[in-house]
Amino acid sequence: MQKSHAGVYCLAAIVIAAACNDSGGSSGQGGASDGATKDANVAIGDGSASNPGTDGSVGGPTPPLPGGDFTFGTPGTGAMWTGTPTTMGAVPVWVYPSDQTRFPRNIYRTLFQWQRGGHSEFRITISGPRSNVTVFGNGMHPDCARNAQAGCWQADEAAWNAIAGANAGQTVTVVVDGLDKSTMPPTVRRSAVITLGFSREPVSGAIFYWATTSAGIRRANVASAQPEDYLTGKPSTRYQNPADGVSCVACHVVSRDGRYMAAPVKADSGDSLWIMEVTAKAPPKPLVKQVTNTRSHGFATISPDDKHVIAAWGGKMWMVDLLTGMFQMDLPLGNVPATHPDWSPMNNQVVFATGKGDGPAGASLATMSWNGTAWGAPKTLVAAMAKPGEKTSPTNLFPMHSPQGDWIAFSRGEKGGHGDSSAQLWLVPSAGGTPVELIGANRVVSNATGDGRHQNDQPTWAPPGDLNWVAFNSKREYGVALDEGTQQIWVAAVDLSKIGQGIDPSYPAFRLQFQGLNEDNHRAYWTQDVRDQLPPPDAGVRPPTPDAGMCIATNAACDPVRDTCCGFSAGVRCDSLDNGATYTCFHRID
């Protein structure tokens, strides 16, 4: 990327320019799980589960039926585990996930992590109202191999279904025991108990995020084993008729229905804000490649009725037609500068940060009302006011409305800009009120409460479900597998009903598992997934998809990046039950 175009990016220009010029690492990490043994007549073996046919043959892979008692792995010294566990001495110490974390029931492969306490054999016991799961293993996993004191176990599809599928909408308790063979007889040393919870329903939606390794946008969902390069500079996304090639992409936004995307794109055809139709298969379809005055730093937002796009460049905001990119009107900002706009899903206002560029210092949050034809004047929502004794005002950035439009998530830091370690996640009512810090999401890391100075930034909401979820980027450590310093996408559950009780509404965050450990990732947009949407009830035949409606049949081999499985909306996914050796279309979570 040429120096003159470094301003395309939504993060600090020097960081993004380096990301666009340097070669990056690979995408998502796969990992082998500990071996598993038989449980409740379900053969687990290498992590797969099979369902015998009526003729004695083995049918397609299916997860175990939820409920009951399950055992994964074989104790190396079975008789030695019969002693009463003690919580004294060199006990294992939980690191990830943190106590009280809430997970989507359909997330892919959670990696449990702990400090060994000097032991080499472990037993994990997970107890819930509908299932009890016991895991035996040596605590070895490739992602944790760099730390000799680390113990890890990855819950594969079968194990996770027995844990989360069986206890959907419920909580479970988890302990890890280490077998201390320095005593005779061996002593079972038990960790502290942690509690985990799961969504009642599968968590839906596509997550579009910016990755330095691809100099562009990747797409995944919570059930993905790995992301797909959706619109990227490395490798370059290429178009035909007309021919065009992408060099770099950033600052993307996606409409709430998941149908449209807008992003500044540097391409062979020029450097401008693109407006695109989101497609079931990568890449998206460009609708507009030139929007006047959008070459340098800037942001955008899409109206919930998919008719308009607001461009925010150089402190100004104006509205263009989504399908043509033609100018429609300036927003009456007066002397108020604007960046980071977000259009409410209620189609009644836009919220923005009062500044210019990527991460302005001393920014307030403001709103402007919209009646369908005209915009109101700016109104301060959250003022940038210094606390008593402080010399500078905090800055409030990256606001985004909740799915119902009643709350706005945003980040607040001391200085703004890329690298602001003080950035924290907050909520404020969209109609105005007192901001609330998401303490659990900000501060609980590796099962310990700290100061939250992890660059927690750029929050976005998941589509509506039985829990609210906020995705954000953070440089926090990932248990024992990854030291602090790499920006990755994390997700925290939020219970808005707790705010009225004066209780922190957030839970500790979990890392999205499809990311590679060597990726620097930012700006996750979580929207409805066009691959998962049913035809409107009055629309007759659904328009053909870019792949002409082709999909891969259940139980057939598939490619997890290129292929879409038939029955995707019913939960059929292209996934692996043998740690990535082969991929098959099957219903992953029951």
Side-chain angles (χ1 to χ4, degrees), residues 97-102 340 342 351-354 359-367 380-390 392-417 419-462 467-477 484 487 489-511 524 526:
S98 296
D99 182 39
Q100 299 302 324
T101 299
R102 297 302 188 261
H340 304 167
D342 182 63
V351 63
F352 59 94
T354 60
S364 299
L365 297 184
T367 59
T380 299
L381 179 69
V382 177
M385 298 178 61
K387 296 179 181 178
E390 293 183 348
T392 59
S393 301
T395 190
N396 305 282
L397 304 172
F398 295 103
M400 186 174 182
H401 291 87
S402 64
Q404 297 78 20
D406 50 350
W407 289 91
I408 292 172
F410 65 99
S411 61
R412 170 181 286 176
E414 296 169 357
K415 61 179 183 178
D420 186 355
S421 295
S422 67
Q424 307 280 288
L425 307 177
W426 290 71
L427 297 182
V428 66
S430 60
T434 303
V436 176
E437 183 190 351
L438 299 183
I439 296 173
N442 285 326
R443 304 188 191 184
V444 180
V445 177
S446 295
N447 205 32
T449 302
D451 59 12
R453 297 178 71 89
H454 308 295
Q455 295 183 25
N456 305 315
D457 205 4
Q458 303 182 30
T460 63
W461 300 78
L467 286 172
N468 286 288
W469 307 90
V470 172
F472 58 98
N473 41 272
S474 177
K475 70 169 188 176
R476 65 186 61 192
E477 68 183 33
E484 178 155 340
Q487 284 274 359
I489 308 301
W490 290 71
V491 176
V494 177
D495 184 350
L496 296 173
S497 68
K498 292 185 176 181
I499 296 179
Q501 306 170 39
I503 302 173
D504 172 30
S506 68
Y507 293 91
F510 62 89
R511 172 185 175 270
W526 201 338

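Values below: every heavy atom of this structure, side chains too, minus hydrogens, waters and symmetry copies.
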Leu365 and Arg412: CA distance, side-chain angles, deciding distance, side-chain contact (heavy atoms from CB on, under 4.5 Å) verdict = CA-CA 10 Å; Leu365 297 184; Arg412 170 181 286 176; over 6 Å; no

With side-chain contact (heavy atoms from CB on, under 4.5 Å) as the test, would you mind laying out the steps for Gln458 and Phe472 before giving the verdict?
-> CA-CA 5 Å; Gln458 303 182 30; Phe472 58 98; over 6 Å; no

Show the numbers, then the answer: is there a side-chain contact (heavy atoms from CB on, under 4.5 Å) between Trp526 and Trp461?
-> CA-CA 6 Å; Trp526 201 338; Trp461 300 78; over 6 Å; no

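Annotation: salt bridge (Lys or Arg N to Asp or Glu O under 4.0 Å) contacts involving residues 496-509, sequence neighbours excluded, are absent. Applying the salt bridge (Lys or Arg N to Asp or Glu O under 4.0 Å) rule to pairs touching residues 425-437 yields Glu437-Arg443, sequence neighbours excluded.
One finds the CH2 atom of Trp407 at 3.5 Å from the CD1 atom of Ile499 (value rounded to the nearest 0.5 Å). Atom-to-atom distance recorded for Phe352:CZ and Asp342:CG is 12.5 Å, nearest 0.5 angstrom. Note that the CG atom of Asn447 and the CD atom of Gln100 stand 10.0 Å from one another [nearest 0.5 Å]. Here the CD-CG distance, from Gln424 to Asp451, works out to 7.5 Å after rounding to the nearest 0.5 Å. Summarising the geometry, atom CG belonging to Asn396 is positioned 9.0 Å from atom CG belonging to Leu381; distances are rounded to the nearest 0.5 Å.
For Ser364 (side chain) and Thr354 (main-chain N/O), no donor-acceptor pair under 3.5 Å exists by modelled atom type. For the pair Asn442 (side chain) and Leu425 (backbone), a donor-acceptor distance under 3.5 Å is present. Counting only distance, with no hydrogens or angles, the side chain of Gln487 and the backbone of Ser474 share a donor-acceptor pair below 3.5 Å. In terms of modelled atom types and a separation under 3.5 Å, the side chain of Thr395 and the main chain of Ala363 share a donor-acceptor contact. A donor-acceptor distance shorter than 3.5 angstrom exists from the side chain of Ser506 to the backbone of Gly440, with no hydrogens or angles considered.
Inter-residue side-chain proximity for Phe398 and Ser411 is flagged as met; some heavy-atom pair is nearer than 4.5 Å. Contact check for Glu477 versus Val445: side-chain heavy atoms found under the 4.5 Å cut-off. Counting only heavy atoms from C-beta outward, the side chains of Leu397 and Pro360 approach each other to under 4.5 Å. Here the side chains of His340 and Pro399 are in contact, with some heavy-atom distance below 4.5 Å. At least one side-chain heavy atom of Trp469 sits less than 4.5 Å from a side-chain heavy atom of Leu467.
Residues Ala384 and Pro394 share a closest heavy-atom pair of CB-O, 3.4 Å. When all heavy atoms of Ser446 and Ser98 are compared, the pair lying nearest together is N-OG, 3.6 Å. Counting all heavy atoms, side chain and backbone alike, Lys475 lies closest to Ser421 at NZ-OG, 3.1 Å.
Exactly one residue among Asp495, Asp99, Val444 makes a side chain to side chain contact (heavy atoms under 4.5 Å, CB included) with Tyr507. That residue is Asp495.
Classification of Arg453 and Glu414 as a salt-bridged pair holds, one side-chain N sitting under 4.0 Å from a carboxylate O.
Side-chain contact, Asp406 with Ser430: no donor N or O sits under 3.5 Å from an acceptor N or O.
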